[in-house]
Structure formats: C-alpha cells, structure tokens
Amino acid sequence: MNESLNDSESSFPLPWIQANDVNASLELSAFFSVFTINPWDIMLCISGTIIACENAIVVAIIFYTPTLRSPMFVLIGSLATADLLAGFGLILNFVFQYVIQSETISLITVGFLVASFTASVSSLLAITVDRYLSLYNALTYSSEKTILWIHIMLVVTWGVSLCLGLLPVLGWNCLDDDSSCSIVKPLTKSNVTLLSTSFFFIFILMLHLYIKICKIVCRHAHQIALQQHFLTASHYVATKKGVSTLAIILGTFGASWLPFAIYCVVGEHDYPSVYTYATLLPATYNSMINPIIYAYRNQEIQRSMWVLFCGCYQSKVSFRSRSPSDV
C-alpha cells in the first residue's frame, strides 16, 4: 500500500510543486527576455579586445627597447597608446552597458572613447607631418629643433584630445534633452558635428601632405636614376611601391572613418541604431590595422619582437634600420 502510494506521488507531482515550477520558469524566461545582448555590442567588444592586444605589444616593445627613442618611434608609440586606450574603452563600454548601468559612467566611458579615438587620429596626422619633414628637410631632420617640434605636436595632440573627451562629462551632453541627441547618445548633435568637422580637416590635411610626399619620393627616385645615367626597372618598381604604400595608408584611413564621420553629420538620433553600428564598427578597424601598417612592418620593431618573445633574434635575417622617411 505504501509502495503504491509512493509510486503514485512520484508519477503525479503535487499541485504546489507544479505551480512553483511554472513560476520559476516564468521568472527565468522574463530574466532572459530582459537581459539580451546586442550582437553589434559583442562585435565591438571583440574588436576592442583585438585592438588592445595588438597595441599593447607595440607599446611594450617601444617602452622596453632603449634604441627605439627616435621621433618616429615616439610618434608610433603615441599612436599605439591611443589605440590601446580605445580598445580598453570599447571593452569597458560593453561591461558598463550590461553590468553597471549609470548615466555618469556612460558619460565617462563615452568621453574616454572620444579622447582615445581623437588621439589616435591626431597621432596619424603627426606621423604624416613627421614623414613629410623627414623628406622635405632631410639634412636638418635630426636636429634638436625637429625633436622639439615633435614634442609640441604630442602635447597638442593629447591636450586637445583630453579636452574633447571632457566636454560630455562637463555638461555638453543630451541627457536632459533627447531632441538634441546625436546618433551617439549621450553626445549632442553639435558635439559630433564638431568632431566630424575636425576629422574632415585632418583627412584633407593628410591627403595634401601625402600628395606632397608622393611627389618628393618620385622626384628623389628620378634624380637617383639620372645620376646613374639611365632609368632602371628598379626605379619604376621603387616609385610604384612608394605610391602604392601611400595609397594603402590613406585609403585604409579614409575607408575606416569617412562613413561614420559623414553619418554623424547627416544622421538623426531617431534613426535606426543599426546604421550607427554599421558605420562605427569599421571605424574601430582602423585602430586594428594601425599597428600592422606603422609598427609591425618596421624592421627595428620586428627585431625587438624577436628579442622580446624569443630572447634572441635570427642572425641570418638582415635587419636594415629604416629611416623616418620610409613609406
């Protein structure tokens, strides 16, 4: 009799147990329906992780290698530091958005990202100016005046970036007025317009400088060929390689940032957020590509990487010291 009763209880749960199971399942489903993660945010977080890892290696190599102290490597270090901070900012933005939801933290995170990406773009401009000076004033490039000019550029770059990053925190935001918001909340429409206008100015200036660099490179190659009394095939190869490299550098920069900068100007806060994500994600790729273009291709940094990771470097591989004018 008792066995049959136990079997009956195990076969047919009591009503209050069923009710608890239903309530628990409803609460669990309600929790998961509220706690949903945007796939775009996941991709931005992954992008930030890759950016942080890549640029952390560059920063470590330049910091721990005493021979990498020339103006060129100082500027590359500035670029890597800015991109490293941008990668951390993307990761923190993901964590704070889904773990700690606060308007104050949101302002700080957005300001941190604005400052980091502004420093990254400005460092690219500083590198372009440095390359132009190294070709235009090749004889006096290594003078103390040039080093002072590089330091001034770095101070201005990070000073302006810090000021632009502090603007949302100091009150230039749309938390109290949704109608003034831009496609990147809590930044105002006027704020992103200022940032986009600054980017367009930097892009045009870089384009102008790279055109001048291209002309100087072609002229130098032609003069070397004339000194040899004939135009060799290597002359055309070297010129074509230099022009192609410049096109890749500027093309990558423009393709990454121009869509987002343009959308910041023409977009409105009530537009679908997918458009913002679709233009912002490629912009972060520029910080992912920067260490490949400006650092890992440099043979001095390659040698330092061998020393850092292997404790030695291959003596069979000839490492040529690259000049700042190498493109």
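All residue numbers refer to positions in the sequence shown, counting from 1.
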Taking all non-hydrogen atoms of both residues, which atom of F94 and which atom of D41 are closest, and how far apart? CD1-O, 3.6 Å

Which heavy atom of L107 sits nearest a heavy atom of P186, and at what distance? CD2-CG, 3.4 Å

Check whether [X] reaches the backbone of [Y] with its side chain - one donor and one acceptor, N or O, closer than 3.5 Å.
X: T193; Y: K189; value: yes
X: R297; Y: I293; value: yes
X: S106; Y: S102; value: no
X: D130; Y: A126; value: no
X: S122; Y: T157; value: no
X: E103; Y: L175; value: no
X: N173; Y: L187; value: no
X: R69; Y: I62; value: yes
X: Y98; Y: N38; value: yes

Could you state whether [X] and [Y] fall into the same hydrophobic cluster, counting links through intermediate Ile, Leu, Val, Met, Phe, Trp or Tyr residues with side-chain heavy atoms under 4.5 angstrom apart?
X: V184; Y: L85; value: no
X: V160; Y: W149; value: yes
X: Y64; Y: L68; value: no
X: L84; Y: F63; value: no
X: I127; Y: L148; value: yes

A side-chain contact here means heavy atoms from C-beta on lying under 4.5 Å apart; do [X] and [Y] qualify?
X: L164; Y: L195; value: yes
X: M305; Y: Y296; value: yes
X: T197; Y: F201; value: no
X: T276; Y: W40; value: no
X: N191; Y: P168; value: yes

Rounded distance [0.5 Å steps], [atom1] in [X] versus [atom2] in [Y]:
X: F200; Y: I204; atom1: CZ; atom2: CD1; value: 8.5 Å
X: L281; Y: I46; atom1: CG; atom2: CD1; value: 9.5 Å
X: L75; Y: M153; atom1: CG; atom2: CE; value: 5.5 Å
X: T118; Y: L162; atom1: OG1; atom2: CG; value: 10.5 Å
X: I249; Y: T128; atom1: CD1; atom2: OG1; value: 7.5 Å

Without hydrogens or angle criteria, can the side chains of [X] and [Y] be said to hold a donor-acceptor pair below 3.5 Å?
X: T65; Y: T67; answer: no
X: T109; Y: N93; answer: no
X: T188; Y: S180; answer: no
X: S123; Y: W158; answer: no

If the condition is ring-ring contact (aromatic ring centres under 6.0 Å, His included), which residues does F88 pass it with, not counting sequence neighbours? none

What residues, two or more places apart in sequence or in another chain, satisfy ring-ring contact (aromatic ring centres under 6.0 Å, His included) together with F112? none

Apply the side-chain contact (heavy atoms from CB on, under 4.5 Å) test between N290 and each candidate in V58, L124, I76; give the one that qualifies. L124

Under the criterion side chain to side chain contact (heavy atoms under 4.5 Å, CB included), I'd like the reasoning laid out for Y285 against I51: C-alpha separation, chi angles, the key distance, then a yes or no. CA-CA 8 Å; Y285 292 160; I51 290 170; over 6 Å; no

With side chain to side chain contact (heavy atoms under 4.5 Å, CB included) as the test, would you mind laying out the steps for L167 and C163 before giving the verdict? CA-CA 6 Å; L167 289 179; C163 291; 5.9 Å; no

Listed pairs under 3.5 Å, donor-acceptor, residues 253-275 side chains, sequence neighbours left out:
residue: S256; atom: OG; partner: T252; partner atom: O; Å: 2.8

L113 and L90: side chain to side chain contact (heavy atoms under 4.5 Å, CB included), yes or no, with the steps? CA-CA 7 Å; L113 285 172; L90 291 172; 4.1 Å; yes

Might you work through the side chain to side chain contact (heavy atoms under 4.5 Å, CB included) test for M72 and N298, ending with a clear yes or no? CA-CA 11 Å; M72 175 182 64; N298 186 283; 3.8 Å; yes

Report the residue from S116, S78, S287 that forms a side-chain hydrogen bond (donor to acceptor under 3.5 Å, both in side chains) with D83. S287

